[in-house]
Amino acid sequence: ESSIRLTEEQADTLAMAGVWLSPHVQKCAAFLKEAASSTVDAAGTKMLAARLRFLLSYVAASAPSDIMKLAAVIEEETMGAKIRDVDKSAFVSVVSRSECIEVLQAVFKSGLLKIALPKVLSWAFVSEWKGPLRVPTDFMATSIDEEASSCALLSAFVSLLSNMVNNESIFDDGFGSTDQRSDVISIADEFSCLVFSTLSTLSGSDLEVAVSPSAAGSGWIDAAFYVLVKFLSSVKQRDSIRSVLVSNAEDNAELRWLREMAFALIGRLKVGDEAMAAVLLSQDILFATPSFDGKRNQGSPLQGMLLQELVNSPRSQSQLDHSFKLHRGHGITAAGIGPFGLESLRSDAEFVAPPNRAADNGQGRGIAVEPLIPLGKLWLWQVLSSTIDPPPEASAQQRAVLLNDAAAVIISSLELLSCMEKEPSSNGYTSQIHPGAKLYHLSNSCLFPEEVLRHEKFEQLFCSLFQDISSIKDHQSIPKAFVAACYQHSRTTRSKLESNGQAKNDETDEEKLLALFEDKPSSSEEFTAKEVAALADFVGDMCSAYTEYGAQYESLNHCVRLLLRYGFPSKARIEIIAKLRGLLHLLTLQIEVEDVGKENMSISLQLSLASSSQKESPEVLDALANALSSRDPNDSIRRLDAETGGYAYYFAIASLAQSYASSIRSNEPGAQEAARRRLELLGDEAKAAILRATNSIEKEGLRVVSAVLR
């Protein structure tokens, strides 16, 4: 189009604005080119940022394709105004492209960004604004003014640079040349390299505890990161289109840094930031995986699901529209356009539910839809612990489509997490989430309907990711974090059910008072009664899935074996042994069956057993002895044996042998008697295996795993 439709009033206002502001904008550009190199303090940096923002606002409004975007909605019949078709060529750029480029080059070469970036990027991988934060404090701003001015400078510079890079029409309409475009791209690439090199430096720094910033401080920090992530995503997307990136996106170090920074930011966003979330979740490059690379219009199902959740109800749509207007956008509905269409300046939109509406989601199911924002620290992992809830009236075909879509979301989530877990940065977002919490949410994916578990990629992705996370050096810290995540998840689920009227808290005052005294960790295990109860529910669901699916999935084997490890509550471990009686011999992995040297079995047992300085629970030892016992010949339940028992058999033998060897060295009254009593329950084969292993431990000094496997 060669012209733009404007009312006479708009055209005259635009022309007068150009006349009034032109001298100021030209002076601003000249000042920026001269003052950038001499600015050193926070006040000067803030003034520089304000002038960059002023220049940006003028340049953005002067772009022919952007002039009076609202003119497109003008209708002569309804407005009663005279319409004028304004020729684009009639507009003259007051600030030339070359001047803008010179300003960017002057600011970049001044060294101000090198000073400001570490102060801002120190917060790059903070996943939530709660409690004491661990950040590289050596690089942080020394004052609030310094931090605010650094964020302002970074936001203004990147915004102007983004406008120059992304506004293709400026180059096509005679406002620039190929050389100028090359200069802009060069600045963008150099700035991107500076950001990633700074991130690399910060990742190797020692972390110290820092105080959480104020609400205003976290607001300007998140705003700066939003502009930065959006810009870097566009740069990486451009590189991907130009085939600069390798085909496997997870192998690109810069993309990994970008994801870590972006996903930490998405988790920090709060109510009112839905517009920022929508833009970030729309960046295909952040969710690109080998299966969903963003090319051929093939977006990530995970990305699509999250964007859909942003607008899944009238209230959510109203909130997203309000958020866009708060961030100086046009909004997503026709109810008031642009920032001047705001009904309030609060973060929450003013929403009145339509009459005769049974539910907020409009589906008539009486369930209030939870807003997507805030997502929280674990948002990417919580996708795996979500639920699939088909409507009761759904047909078999509709249910099949829903399950197929759900499987695609789960697979894309697993692929993305696998990419991020391959080489996690030492101080990055991925490393700030405890492996125990990751394993809990990952294990939940095994509770999805079997249609998901049967997906051709699920087993491979799940098992690879599970093994990488569960085999960490500090594996003994996993149970505590796992149980804590389980309890927190159960609390969240219960509160949602209660808010929807599907669950009621029937506790009396007397029961609540009693819980205050009972809900304390025992001396032997550091778990509260509520944590143990939450884990018991999870264990029950896991055992039910294991038996229902016929113990045919190795993913479930991994989950059950993890829950049998030393460190988990004894009650849960005993329950697993009891509920899976007759199926315990199926817990062996295929790789362990094929491993003649038993190296994989040795690693698995070392991760599962108590250390030499720890003491196994007597109740667990009794349950393991019972699983080996052959005292009742009429019992149809299959017992563990050396020929087919595999992992569970070795685990039981090793636990009992370790306990028996410890009782021999112990002076504790009754310890040897209890160990002998357990041996009496066993058959000759199991008893001989335990005695041989104990003898090797005591006389040859072998470790329990080596003694048992030999």
Side-chain angles (χ1 to χ4, degrees), residues 378 381-387 407 410-411 413-414 417-418 421 434-450 452-455 457-472 475 477-487 489-490 531-532 534-581 583-592 600-601 603-605 607-609 620 646-648 651:
L378 295 168
W381 292 92
Q382 286 171 334
V383 172
L384 302 177
S385 57
S386 56
T387 56
I410 298 302
I411 295 303
S413 301
L414 290 174
L417 290 168
S418 296
E421 288 291 333
H434 197 283
K438 295 177 183 178
L439 288 173
Y440 168 73
H441 292 286
L442 181 58
S443 299
N444 268 270
S445 63
C446 291
L447 301 180
F448 283 117
E450 195 171 6
V452 176
L453 273 67
R454 282 204 305 258
H455 193 282
K457 293 185 178 180
F458 180 85
E459 282 280 272
Q460 178 186 356
L461 288 170
F462 180 97
C463 294
S464 175
L465 185 58
F466 198 98
Q467 287 179 314
D468 289 342
I469 300 173
S470 61
S471 301
I472 61 170
H475 63 274
S477 66
I478 287 177
K480 183 66 177 176
F482 187 103
V483 175
C486 177
Y487 173 59
H489 186 215
S490 69
E531 287 177 332
V532 173
L535 185 65
D537 292 338
F538 178 73
V539 165
D541 293 339
M542 189 61 65
C543 290
S544 297
Y546 194 83
T547 54
E548 182 181 346
Y549 298 156
Q552 60 179 312
Y553 298 108
E554 286 213 342
S555 52
L556 281 164
N557 277 347
H558 281 290
C559 297
V560 173
R561 286 165 53 140
L562 176 69
L563 292 167
L564 282 175
R565 285 187 184 185
Y566 175 83
F568 280 93
S570 301
K571 181 180 178 181
R573 301 167 72 201
I574 294 169
E575 186 176 357
I576 292 174
I577 296 171
K579 286 190 173 183
L580 298 185
R581 289 179 65 198
L583 296 175
L584 293 173
H585 63 285
L586 299 175
L587 289 175
T588 310
L589 303 177
Q590 186 62 34
I591 191 174
E592 294 169 348
N600 291 291
M601 182 67 73
I603 294 173
S604 299
L605 292 174
L607 294 172
S608 302
L609 294 169
V620 173
Y647 168 81
F651 176 67

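Note that these values count all heavy atoms, side chains included, but never hydrogens, waters or copies made by symmetry.
- Among residues two or more places apart in sequence or in another chain, the salt bridge (Lys or Arg N to Asp or Glu O under 4.0 Å) test is passed with E575 by K579.
- The minimum heavy-atom distance linking A648 with L584 is given by the pair CB-O, 3.3 Å.
- Contact between M542 and S443 at its shortest, heavy atoms only, is CE-O, 3.6 Å.
- Here the side chains of F482 and F538 are in contact, with some heavy-atom distance below 4.5 Å.
- By the side chain to side chain contact (heavy atoms under 4.5 Å, CB included) test, L378 is found to be paired with Q382, I433, A437, H441, residues two or more places apart in sequence or in another chain being considered.
- Here the shortest heavy-atom pairing between L453 and S445 reads CD1-O, 3.6 Å.
- Identified under the side-chain hydrogen bond (donor to acceptor under 3.5 Å, both in side chains) test for residues 458-469, with sequence neighbours left out: E459-S555.
- Two residues are said to be in side-chain contact when any heavy atoms from C-beta on lie closer than 4.5 Å; S490 and D537 fail this criterion.
- For the atom pair CD (E421) and CD1 (I469), the distance works out to 4.5 Å, reported to the nearest 0.5 Å.
- H489 meets the side-chain hydrogen bond (donor to acceptor under 3.5 Å, both in side chains) test with Y440; sequence neighbours excluded.
- At least one side-chain heavy atom of R573 sits less than 4.5 Å from a side-chain heavy atom of Y566.
- Shown here are the salt bridge (Lys or Arg N to Asp or Glu O under 4.0 Å) partners of R565, two or more places apart in sequence or in another chain: there are none.
- A distance of 11.0 Å separates CG of L563 from OG of S608, quoted to the nearest 0.5 Å.
- Remark: I478 CD1 to L607 CG distance equals 8.0 Å, nearest 0.5 Å.
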L417 and L442: CA distance, side-chain angles, deciding distance, side-chain contact (heavy atoms from CB on, under 4.5 Å) verdict: CA-CA 10 Å; L417 290 168; L442 181 58; 5.9 Å; no

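- Residues C559 and F462 meet the side-chain proximity criterion, which asks for heavy atoms closer than 4.5 Å.
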Check the pair Y487, L535 against side-chain contact (heavy atoms from CB on, under 4.5 Å), reporting the backbone distance first and the verdict last. CA-CA 7 Å; Y487 173 59; L535 185 65; over 6 Å; no

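- Remark: R561 CZ to T588 OG1 distance equals 7.0 Å, nearest 0.5 Å.
- Residues S470 and H558 are not in side-chain contact: their nearest non-hydrogen atoms beyond the backbone lie 4.5 Å or more apart.
- Among residues at least two apart or in separate chains, side-chain hydrogen bond (donor to acceptor under 3.5 Å, both in side chains) pairs with a member in residues 538-552 are E450-Q552, Y546-N557.
- Note that CG of L439 is 12.5 Å distant from NE2 of H475, once rounded to the nearest 0.5 Å.
- Rounded to the nearest 0.5 angstrom, L384 CG and F448 CZ are separated by 7.0 Å.
- A 4.5 Å side-chain heavy-atom check between F458 and L414 finds at least one atom pair inside the cut-off.
- Counting heavy atoms from C-beta on, the side chains of I577 and L564 come closer than 4.5 Å.
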